[in-house]
Amino acid sequence: MSLIYPRESAAIHPANASPEYKSTLKRAPSQPLVMLPHSLSETTGPVFGHADVSELDSDLTRRHEGEPIGERIIVTGRVLDEDGRPVPKTLVEIWQANSTGRYVHVRDQHPAPLDPNFTGAGRALTDSDGRYRFVTIKPGAYPWGNHHNAWRPAHIHFSLFGPSFLSRVITQMYFPGDPLFRYDPIFQSITDENARARLVSRFDIEATEPQWALAYQFDIVLRGRNATPTEEPHEH
Amino acid sequence: MSTDRPSGSEEARLTPSQTIGPFFAYALTPRAYGGAELATGAMAGDGVPGERIRVAGVVLDGDGAVVTDAMLEFWQADAQGRFHATGNAGFTGFGRVETTTEGGYSIETIRPGALPGSDGAMQAPHLTVSVFARGVLTRLMTRIYFSDEPANQTDPVLALVPAERRDTLIARRGEDGVFRLDIRLQGAGETVFFEA
């Protein structure tokens, strides 16, 4: 199946020049982007498989001797293309802070405890229906140096490939009703309110496992449309 | 079923990008953390046909300061100009590195072949590059061409780039044989980034 990648769809991505987020000030290009035609270099991309991902990789609570401290959660959803069709067997990578808002990363200076039973990195492949599922703990909010009293809303980083270089995206999933949304320049860098809302997972009582873990649904839509729509049959 | 937003109407609208942030390494480039790496800067295993090359440089910000927390991804054709998405004899065409504490990157691969462009005109050999970093909200796309390729003169993508900026996409081969190209996110000598 051949996909096309309409440029208009990508207009919802945040502008790199978003001065409220201070790290952009010296890192956002100042020159206009050059329009690149879509050749094989862009419409192809790496494919990952079961050699790259094990079943255990999607359970972030079972990677150490004991269980991590925090609220155990299930994060699940579907990866779709712009036609709403599932993107099967595509790689999803996630990483996050622990329940105290501290990352394992050596440069994280937040004075909150590390959890010896939590690293916070996971991988999964979507199934034939485009669905992925992680078990993890709910990450904590944490302070950062962007401005006085700056806090990141709790989030999980997501990295996806999809079928090509053009469908590649890295994003962040948030939790519903977070009071920090309005103060966060990274979340607010997306100017379209509806587009921002698409980064907020939704609580899902159906996927919740009784006596065990709450569940959040987060669907992800990647670039790519069928080049030959089939909704309307053509008679020739 | 409890929902906090309606499903359906937004279902096939793109998920917006967010920054990779500063703390990705233990998940995406986890060598120092003892994790299994999906891909590295060693892009071509022994026995992959083609001229073996090394490409290296530094990532710089608008002040000329080194960017020590960027992730670069590379995607390329094989020596015959073909793509091997699932890997073929130790070559997938995909590489991933984080910048070093000096802002440096380095990959070892094979020189890609020329391949057709969108309009059928041949494209000069090149690498396709994604730049992710703290302070970069939406992935930056660029390319790396090679200074010793005569086909650069007729490459359809280089032709779209203002002549005075083309050098920002062309790695120059040093006396040590290494192709060098710095990536400047902003300011004087700013790298050409693409919208695709």
Side-chain angles (χ1 to χ4, degrees), chain A residues 9-10 12-14 16 18 23-24 26-31 33-42 44-48 52 80 82-84 93 95 103-105 107-108 119 121 157 159 165-166 168-172 176 186 189-190 194-195 197-199 202-203 205-206 219-221 223, chain B residues 1-5 10-28 30 33 35 38 61-63 67 75 83 85-86 92-94 115-119 123 126 128 130 132-141 157 160-161 185-187 190 192-196:
Chain A
S9 320
I12 54 94
H13 288 313
N16 275 314
S18 292
S23 290
T24 67
K26 297 296 179 184
R27 293 185 169 195
S30 56
Q31 298 287 324
L33 302 178
V34 172
M35 201 70 85
L36 179 67
H38 298 170
S39 72
L40 277 176
S41 294
E42 290 76 35
T44 58
V47 172
F48 302 97
D52 305 298
L80 305 167
E82 292 180 76
D83 290 327
E93 298 170 281
W95 69 104
Y103 286 90
V104 161
H105 195 284
R107 288 185 206 162
D108 187 0
T119 301
H157 296 266
S159 166
F165 176 79
L166 292 172
R168 177 91 177 94
V169 73
I170 287 181
T171 190
Q172 301 179 23
I186 293 179
S189 67
I190 302 157
N194 291 327
R198 295 199 288 277
L199 291 187
R202 80 186 156 76
F203 173 64
I205 193 73
E206 303 294 326
D219 291 344
I220 297 158
V221 178
R223 286 184 78 182
Chain B
M1 193 171 81
S2 168
T3 58
D4 294 295
R5 64 179 170 86
E10 295 289 321
E11 185 173 70
R13 303 280 304 281
L14 277 197
T15 300
S17 174
Q18 294 271 265
T19 180
I20 194 173
F23 300 141
F24 60 82
Y26 69 90
L28 302 186
Y33 294 86
L38 199 67
D61 73 8
D63 286 335
V67 174
W75 175 240
F83 287 95
T86 53
T92 64
F94 180 69
L115 70 156
S118 58
D119 58 357
Q123 303 188 81
H126 62 273
T128 300
S130 294
F132 299 93
R134 169 178 62 85
V136 173
L137 285 158
T138 298
R139 178 259 309 245
L140 296 171
M141 292 180 260
V157 171
L160 298 172
V161 174
L185 300 180
Q186 185 191 85
E190 183 175 306
V192 167
F193 296 105
F194 294 102
E195 177 180 353

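Values below: all heavy atoms of this structure, side chains included; hydrogens, waters and symmetry mates excluded. To find a chain, count down the sequence lines: A is the first, B the second, and so on, and within it residues start at 1.
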May I ask you to check whether A:Ser23 and B:Arg134 show a side-chain donor-acceptor distance below 3.5 Å?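 There is such a pair between these side chains.
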
About how many Å separate [atom2] of [Y] and [atom1] of [X], when rounded to the nearest 0.5 Å?
{"X": "B:Thr19", "Y": "A:Ile170", "atom1": "OG1", "atom2": "CD1", "answer": "8.5 Å"}
{"X": "A:Leu33", "Y": "B:Leu140", "atom1": "CG", "atom2": "CG", "answer": "7.5 Å"}
{"X": "B:Leu160", "Y": "A:Met35", "atom1": "CG", "atom2": "CE", "answer": "10.0 Å"}
{"X": "A:Arg27", "Y": "B:Asp61", "atom1": "CZ", "atom2": "CG", "answer": "6.5 Å"}

Under 4.5 Å heavy-atom distance to chain A, tell me which part of [X] shows up: side chain, backbone, both or neither.
{"X": "B:Phe132", "value": "side chain"}
{"X": "B:Tyr33", "value": "side chain"}
{"X": "B:Val192", "value": "side chain"}
{"X": "B:Leu115", "value": "side chain"}

Under 4.5 Å from any heavy atom of chain B, what part of [X] do you find: side chain, backbone, both or neither?
{"X": "A:Ser9", "value": "both"}
{"X": "A:Glu93", "value": "side chain"}
{"X": "A:His157", "value": "side chain"}

Of all of A:Val169, A:Leu166, A:Asp108, which one pairs up most often with chain B through heavy atoms under 4.5 Å apart?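 Top option by heavy-atom pairs under 4.5 Å: A:Asp108.
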
Winner by heavy-atom pair count (cut-off under 4.5 Å) against chain B, out of A:Asn16, A:Ile12, A:Thr24: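 Top option by heavy-atom pairs under 4.5 Å: A:Asn16.
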
With heavy-atom distances below 4.5 Å as the criterion, would you say the side chains of A:Thr171 and B:Ser17 are in contact?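 Contact flag for A:Thr171/B:Ser17 side chains = no.
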
Indicate the atoms forming the closest heavy-atom contact of A:Ser41 with B:Phe83, along with that distance.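 Shortest heavy-atom contact: CA-CZ, 3.6 Å.
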
Could you label the plane-to-plane angle of the B:Phe23 and A:His105 rings as parallel, tilted or perpendicular, counting under 30° as parallel and over 60° as perpendicular?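 Correct class here is tilted.
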
Does A:Arg198 use its side chain to pair, donor to acceptor, with the backbone of B:Leu14 at less than 3.5 Å?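 Yes.
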
Got a donor-acceptor contact below 3.5 angstrom from the A:Glu82 side chain to the B:Arg13 backbone?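 Not confirmed, A:Glu82 side chain does not pair with B:Arg13 backbone.
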
